[in-house]
Amino acid sequence: MTPSSGAVAAFNQGVRLQQQGQLRDAALAFRQASKLTPQFFEAHQALAQLCYQGGQFDQAVQAYEAALALRPDATDCQTGLAQILRRAQPLGYQATLDTRLRRLFDSPAVKHQDLALVAAATLRQKHDAVITPAPEDPRACKALLEDRLLIQLLCKTVLVDRELELLLTAVRRGALLSDTGAQRLPKGLLLALAWQTTNNAGAWFQDADEQAQIQTQVARLADGLEKRRKGDAVLEAELLLIAAYQPLDRLACFERLRQLRPEGWSRDAQPFFAQALDGHAAEQEAAAAIQPYAPTSAASDQVSRRVREMYEESPYPRWLHLDQLPAMELGTFLAQRLTGFKDAAQFNGAAKMLVAGCGTGRQVVTLARCHRKLEITAFDLSRRSLGYAQLMAARYGVENCRFYQGNILDLPGDGGETSQAGETGETGNRRRYDVVVCTGVLHHLADPLAGWAALVSSLRPGGLMQIALYSKQARRHITQARQRVTQLGLQDDPNGIRAFRRRILLQQETQALNDLAAQADFADLNGCRDLIFHRQESCYRLPEIAAALAELGLTFLGFDFSEPDLPLAFKAAFPASDSQRDLGNWEKFEADNPDSFLAMYNFWCRKD
């Protein structure tokens, strides 16, 4: 239906008011446009986005629902609704929320991990009577184990829920140690548990009896593998039960398993076996093709080697999905994220960006998809992580990024040259980038300031830099957990990580440590290793960051927040228009709100 002339006029007025920063009046105009023509999709969408930015989440949900009723496949609205629902803390079971979540899990445009907490809460409230205490007999919780939302949650996310993990660990144990084995579980659940173990890298606890039985199962499987046929339903069930305990690429008979092609498995299981049997080999092949960014030197110290070894063993994060963000120029994006940023025009167009310490590529692929004109060069210590990054970039169809293996400490200083393609221009002189991004990396160096200085030397004068560092205040409980791990004598290997996770899940530690179970990284073996068992990390206070910025000739531009809560709370405490660029104000704010930067100090600065 074509919007009425009055609706179009109201919508256009809303656009003008929004551009002028009059957001409240803009929202009123969009609301008026949607009332005049209820089928006006763009009006509902614009209203939803403004309500979200203003912290009016209930109104934003209503507007997104109205937009999706008109265009169910509108990806911007799907991702916007998911960003709101991820924050939901329902007080009781809501069938409407259950339905919304199942629809969003069906959308490939949504970052499903964002929905993990609210989906788990919805399942607990729906099936509360069967969750505590956790039963080993699946018949005691049949409705839960066959719930479509649970299956979606296990297949598409890393489960982040204490009660559900304890229940599913018990059910899995009961199946493994029973006479009927895999046949004891609903097939949909068995496949979902195998996916979950792939997603969380085998984080769930296994006792001695389970480990012994898995070894027996694997040995029996390997002995008779040549006699088995692809399409054998019993073989498929046995493999899925083993895969519910450990990724199949860790089995000694893995290469022989790969000879059983995925086409031979049941239709539902084919995607799992394709990933489990061929995904690892594809990562290895992609990793082997990665070229070096710069020549290795003595600067690659022992700490760097230990950190590289850790990420070769435990690539992090093994992300599964990305939000489908709207395409826009980088400068325009920064103008939306940073109050008072007036240099947008300089960073629109074909800007050159360096991402140092890109890991498994989630940030790089996100940037490349959103900002198509960027030319992104990315490097990391871990070749295995880079292999994953390369595959995911191909999966999402991005072509404006290149991956290399390298170390920040190997970057040449000002005026240096290098022969490697990743770091040179056409003349062989060292390339200067318009933007340098290094988030969650410097605090893992032996000398973070030296690494930061090397990055500054790669940035052109007037260029922008994004840095993210751990907050000493926000990570105080993580520091306590690291100290507790040392006291317990636990090693940073799968058994040590599982043992500590088990103590937290069973609430055997202090309340502050037990609360770590709510953090997403805690639920993943590789993530938990990065969170608590990392081999090297430093934490900072804001005055230390201010001093480093001054020493390096950088001007602080502001923090980068993906959610509106903190900026709104800060503005209420410090209403002056330029207060967000004052680190002294942020120091005062953090003192009153010590968990504000649990996700790191993530900020932008400019090279003077």
Side-chain angles (χ1 to χ4, degrees), residues 158 198-203 247 249-250 279-294 296 299-320 354-366 377-393 401 403-411 422 437-448 451 455 468-470 478 482 485 490-498 519-538 600:
V158 174
T198 298
N199 298 346
N200 67 35
D249 60 62
R250 297 180 188 172
H280 179 68
E283 286 178 34
Q284 288 183 316
E285 183 177 334
I290 298 292
Q291 298 297 310
Y293 179 76
T296 301
S300 295
D301 59 355
Q302 184 177 358
V303 169
S304 295
R305 288 193 292 272
R306 292 180 67 236
V307 170
R308 181 181 65 244
E309 290 167 1
M310 179 185 132
Y311 286 119
E312 290 292 339
E313 297 166 5
S314 305
Y316 167 83
R318 293 187 69 87
W319 52 284
L320 307 174
L354 174 68
V355 180
C358 65
T360 52
R362 180 170 60 186
Q363 184 181 29
V364 173
V365 177
T366 300
T377 299
F379 69 79
D380 195 80
L381 283 172
S382 166
R383 188 175 289 274
R384 186 176 174 193
S385 296
L386 291 163
Y388 190 85
Q390 187 71 65
L391 287 182
M392 294 302 276
C401 59
F403 294 99
Y404 299 91
Q405 185 179 33
N407 186 342
I408 292 171
L409 297 178
D410 288 335
L411 294 176
V437 173
C438 186
T439 58
V441 178
L442 292 175
H443 45 233
H444 294 314
L445 301 182
D447 187 347
L455 293 175
L469 297 167
Y470 285 151
I478 303 295
R482 289 169 60 83
V485 165
L490 298 175
Q491 301 300 310
D492 66 336
D493 58 25
N495 286 333
I497 296 169
R498 292 190 195 110
Q519 294 201 27
D521 282 344
F522 180 83
D524 167 25
L525 190 78
N526 296 348
C528 189
R529 190 176 191 183
D530 187 87
L531 180 72
I532 298 171
F533 288 77
H534 205 287
R535 295 173 178 178
Q536 173 70 26
E537 74 171 49
S538 303
M600 297 187 288

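The structure displayed is predicted, hence computed values, not measured ones. Side chains included, hydrogens not; waters and symmetry mates left out as well; all remaining heavy atoms used.
- The closest side-chain heavy-atom distance from Pro247 to Thr198 is not below 4.5 Å.
- With Glu283 as the fixed residue, the side chain to side chain donor-acceptor pair (under 3.5 Å) test singles out one of Arg384, Arg318, Gln390: Arg318.
- Counting heavy atoms from C-beta on, the side chains of Tyr404 and Thr377 come closer than 4.5 Å.
- Closest of all the heavy-atom pairs between Leu525 and Ala201 is CD2-O, 3.3 Å.
- Under 3.5 Å, the side chains of Arg529 and Ser314 contain a donor-acceptor pair of N or O atoms.
- Between Ala203 and Asp524, the shortest heavy-atom contact is CB-C, 4.0 Å.
- Residue Ile408 holds its CD1 atom at 5.0 Å from CG of Leu442, rounded to the nearest 0.5 Å.
- Among all heavy-atom pairs drawn from Met310 and Asp530, the shortest one is CE-CA, 4.0 Å.
- Taking CG from Leu409 and CG from Asp447, the interatomic distance works out to 7.5 Å, rounded to the nearest 0.5 Å.
- Counting heavy atoms from C-beta outward, Val365 and Trp319 have side chains that approach closer than 4.5 Å.
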message: Walk me through whether Arg535 and Asp492 qualify under side chain to side chain contact (heavy atoms under 4.5 Å, CB included).
response: CA-CA 9 Å; Arg535 295 173 178 178; Asp492 66 336; 2.9 Å; yes
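- Of the charged side-chain nitrogens involved, none lies within less than 4.0 Å of a carboxylate oxygen, so that Glu313 and Arg250 do not count as a salt-bridged pair.
- Counting all heavy atoms, side chain and backbone alike, Ala393 lies closest to Cys401 at CB-SG, 4.3 Å.
- Ala523 is linked by a side-chain contact (heavy atoms from CB on, under 4.5 Å) to Val158, Val160, Arg501, counting only residues two or more places apart in sequence or in another chain.
- Contact of the Gln363 side chain with the Thr439 side chain is registered, since non-hydrogen atoms from C-beta on lie closer than 4.5 Å.
- Note that the CG atom of Asp380 and the OH atom of Tyr388 stand 14.5 Å from one another [nearest 0.5 Å].
- The line from CG of Leu490 to CZ of Arg498 is 13.0 Å long, rounded to the nearest 0.5 Å.
- Note that CD of Glu312 is 8.0 Å distant from CZ of Arg383, once rounded to the nearest 0.5 Å.
- Applying the ring pair (Phe, Tyr, Trp, His ring centres under 6.0 Å) rule to Tyr470 yields the partners His443, His444; only residues at least two apart in sequence or on another chain are considered.
- For the pair Arg482/Ile478, a side-chain contact is recorded, criterion being any heavy-atom separation below 4.5 Å from C-beta on.
- Distance check, rounded to the nearest 0.5 Å: CG of Asn407 to CG of Leu381 gives 5.0 Å.
- In this structure, Val355 and Cys438 have side chains that are not in contact, with every pair of non-hydrogen atoms separated by 4.5 Å or more.
- Judged as a ring pair (Phe, Tyr, Trp, His ring centres under 6.0 Å), and not counting sequence neighbours, the contacts of Tyr311 are His534.
- The two residues Leu391 and Ala282 make their nearest non-hydrogen contact at CD1-C, 3.6 Å.
- Proximity of Cys358 to Leu386: side-chain heavy atoms (C-beta onward) are separated by under 4.5 Å at one or more points.
- The heavy-atom pair separating Tyr316 from Ser385 by the smallest distance is N-OG, 4.4 Å.
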